[in-house]
Amino acid sequence: MIIQIENLEKSFSGDCEVIRIKKFELGHNEIISMYGRSGCGKTTLLNILSGVLGGYSGSVKICGTEMKSLGERDLDLFRAKNIGYIFQNLNLLQGYTAYENLELSLQIAGVNYSRDGIMQYLEIAGLFNESGKYPSQLSLGQQQRIAVLRAVMKRPPLILADEPTSSLDSQNSAAVVDLLKKSAAEAGSALITVSHEKDVISAFDKKLNFSDINMSRGAGVLDSIEARPCLASMRKAGDAN
Amino acid sequence: MKIILKIIFKSLRQHMHSSALAVLSIAVSIAMLTAVISLREQTQSNFTRIGHGIDGVLGPKGSPLQIVLNAVYHIEETPGKIKWEYYKKVKQDPIVEIAVPFCSGHSYAGFRVNAIEEEFFSGFEYQPGKIFSFKESDGGAGRVFKENDEAVAGYEAAKALKLKLGSVFNPVCGVNAGDPVHNDVIKITGIMAPTGTPHDRAIYIPLKAFYTLSGHGGEVNAMALDEKYREISGAYIKIRRIRNGIMHPGVQDLKYNVNQSQSAQFVVPNEVLPRLFNIIGWIDSVLFIIAAAIAVMSALFLFSTLLGSINQRKRDIALIRFLGAPRRAVLGMVIGESLMISMAGLLAGLAAGHTVVYAAAIYINCETGVVFSASYVSCNEFFLVPAVISIAFLTSLVPAFNAYKIDIIKGLSHVS
């Protein structure tokens, strides 16, 4: 198994529970899309899986490694080697060219690479001629394809994509999803793509409604906002002002 | 390490303008410190320790400083004259090895024309073991003067006035613009090889020629014939050595006796000039304080540059952390950036400082004939390296700690 979650609970500000997952598993090469309402805890789950968010109870294992058991330095190394992440908001390093963004990621992860190898990936993504361009010189679609390459090039066992197409038009969105699926399959990685876009969700064979695994009452999976203690109390506070 | 260096260079390039300004401000302070240190040390070495082969100057009563500047550096007027007979008396003192009489007060095209005895060229050592040379292999030419209408030119004077063997000139009776010109035509018979001393910037004629120059009048002309009436501006005195270059201790008695007399005074350049530098020493102290103040300002500027850069790059740093770089790497990145800016400033400052010394050396050489070296490296310059590294390190601590504690999730959502 790539992901094994048991009795995961995560709360913010003391009693504001966002995630309660009894059991969730994802195997090798499994590719799924995950959907759910905004604020229901999808990004929180991805943050926990990527090891940047702690303070939860329960067990989260990635590739058999209990994330809690790792110290910060080991967690950094583990994330670099085992997890590829695609952000919603195009987090590319602005002072680095497309090529350098990819190269730095591989260098930090300590993965062997060659210039030709990176250029081949760029060619696959249709960005061969853009290798020397800075993010500001690329379109949003091109930037997101670079972000996808950055996540998959080190061939990690797990790729997490958080709303990877939210800022793209439908044509670019399809291209990015296609690249993501193909690259993950080619690298043999497990993939979770979180999205709220129907086209993206339907592009995947396996779809998972986040509310099917998240039992938290505080998350946005319930129909009525009044039933969500955190948001309801926040709204009341806002009305009072 | 290679990755950290790469990230540092990228960051410096991203913040090229503020980084360049930080480098510039450090370079300015280092340049000032380097130039002040170098010029101060070379000034003291050249003006106070060497004395250019002259142990003492026998001169008229008056300002000792004026006598030294006139006799040694050719940049003042003589305060008076001394009697030839008194000079002869001093010359006969057993501890006096050489006493070369001279008459100053003439010039040509801004360069002093001093009348001096031939012994100056044959027996006077301007540095231990070195006498004036006219050999072409040394950079000189021709020979020493023999007749009253002949002269030799110091290397720098000849170069500046384009004097060659056979060139002729009319000496000016005085050292100021508008002073009368003698009708006598003097021919250059020798160019002195460079010595790196003020002697390079003078023209020398025979001592007797001074008294026979037309226009000096019968009283002065008579001095050439009768030593009883003869007067001179002064004499360069070389004292005997007892051993290992140590001056004969009797010099103190000689000095005392001469100074007690009404006829002359015995001035030791190496005693007079340090007093001058003590008086004007505040100038380099002020320059040093200004340089130190600029150094403090540049450290503060570096601090604010780094701090601003970290604030702007919160998202980049969080991303680099997310990609797997440990906190320690981020810490090293900021400290390394500070060190690189500082070292670039240090190197640029050292280069600029020595360039300033080079320019000053040209000016000082033109004015005094003393040779300063742009490549002179003071021991104090070596202290600049650890000082700059320490300041760079201390300056980067707060920004580095700010970068160290950046939270990945908050950093990634940071809008710069």
Side-chain angles (χ1 to χ4, degrees), chain A residues 10 12 43-55 70-97 99-111 113 134-136 143 146-147 150-151 153-154 156 160 162, chain B residues 1-20 22 305-306 308-334 336-337 340-341 400-401 403-416:
Chain A
K10 173 66 186 171
F12 289 107
T43 299
T44 301
L45 175 64
L46 295 194
N47 285 339
I48 290 171
L49 291 174
S50 62
V52 294
L53 187 62
L70 298 173
E72 189 179 66
R73 176 68 196 119
D74 291 335
L75 198 56
D76 290 334
L77 281 174
F78 184 84
R79 183 172 58 246
K81 287 195 184 300
N82 297 292
I83 298 166
Y85 200 106
I86 300 143
F87 297 92
Q88 182 177 358
N89 47 5
L90 308 170
N91 272 317
L92 294 180
L93 292 164
Q94 294 301 308
Y96 292 67
T97 62
Y99 177 88
E100 288 167 342
N101 262 285
L102 301 179
E103 186 185 42
L104 185 72
S105 164
L106 295 171
Q107 284 175 331
I108 291 176
V111 175
Y113 70 96
Y134 291 92
S136 58
Q143 287 184 56
I146 297 292
R150 185 176 63 191
M153 267 192 66
K154 55 188 177 185
L160 305 171
D162 186 9
Chain B
M1 191 64 189
K2 196 179 159 190
I3 306 171
I4 293 177
L5 282 175
K6 185 180 174 176
I7 295 172
I8 289 172
F9 280 120
K10 277 284 175 190
S11 167
L12 290 174
R13 212 174 77 174
Q14 261 182 290
H15 302 90
M16 203 191 301
H17 296 298
S18 54
S19 303
T305 300
L306 289 171
S309 156
I310 300 305
N311 278 336
Q312 281 180 355
R313 288 188 296 149
K314 265 186 182 167
R315 192 163 160 154
D316 281 3
I317 291 169
L319 185 57
I320 288 168
R321 286 271 297 111
F322 190 93
L323 291 174
R327 284 189 195 273
R328 275 185 309 173
V330 171
L331 196 73
M333 212 172 77
V334 181
E337 198 171 321
M340 282 211 179
I341 288 173
F401 183 68
Y404 179 88
K405 64 180 186 185
I406 284 175
D407 178 79
I408 293 177
I409 296 175
K410 282 182 187 167
L412 286 174
S413 59
H414 177 82
V415 179
S416 57

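Lettering follows sequence order; numbering is per chain, from 1.
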- Message: Out of A:Gly110, A:Gly51, A:Ala80, return the one with the most heavy atom pairs under 4.5 angstrom to chain B.
- Response: A:Ala80
- Greatest number of non-hydrogen atom pairs under 4.5 angstrom with chain A, of B:Leu319, B:Ile408, B:Ile320, B:Asp407, falls to B:Leu319
- Query: For chain B, which of A:Glu100, A:Lys81, A:Gln88, A:Lys154 has the most heavy-atom pairs under 4.5 Å?
  - Reply: A:Glu100
- Task: Indicate the atoms forming the closest heavy-atom contact of A:Arg73 with B:Gly324, along with that distance.
- Result: NH1-O, 3.5 Å
- Where does A:Phe78 contact chain B at under 4.5 Å (heavy atoms): side chain, backbone, both or neither? neither
- Residue part contacting chain B, namely of A:Asn91, when any heavy atom lies under 4.5 Å: both
- Query: Is there a side-chain contact between B:Phe322 and A:Ile108, using heavy atoms and a 4.5 Å cut-off?
  - Reply: no
- Query: Are any non-hydrogen side-chain atoms of A:Gln94 and B:Arg315 less than 4.5 angstrom apart?
  - Reply: no
- Does any heavy atom of chain B fall under 4.5 Å from the side chain of A:Leu92, the backbone, both, or neither of them? backbone
- Going from CG on A:Leu53 to CD1 on B:Ile409, what distance comes out if it is rounded to the nearest 0.5 angstrom? 4.5 Å
- Should A:Val52 and B:Leu412 count as side-chain neighbours, where that means a heavy-atom distance under 4.5 Å? no
- Query: Is chain A contacted by the side chain of B:Arg13, its backbone, both, or neither, given a heavy-atom distance below 4.5 Å?
  - Reply: side chain
- Message: So, taking the atom named CZ in B:Arg327 and the one named CG in A:Asp76, what distance separates them when rounded to the nearest 0.5 Å?
- Response: 8.0 Å
- Task: Take A:Glu72 and B:Arg328, measure what salt bridge (charged side-chain N to carboxylate O under 4.0 Å, His left out) needs, and give me the verdict at the end.
- Result: CA-CA 11 Å; A:Glu72 189 179 66; B:Arg328 275 185 309 173; over 6 Å; no
- Note on the structure: Honestly, the part of B:Leu323 sitting under 4.5 Å from a heavy atom of chain A is both
- Hey, could you give me the OH/CD distance between A:Tyr134 and B:Gln14, rounded to the nearest 0.5 Å? 9.0 Å
- How far does CD of A:Gln107 sit from NZ of B:Lys2, to the nearest 0.5 angstrom? 6.5 Å
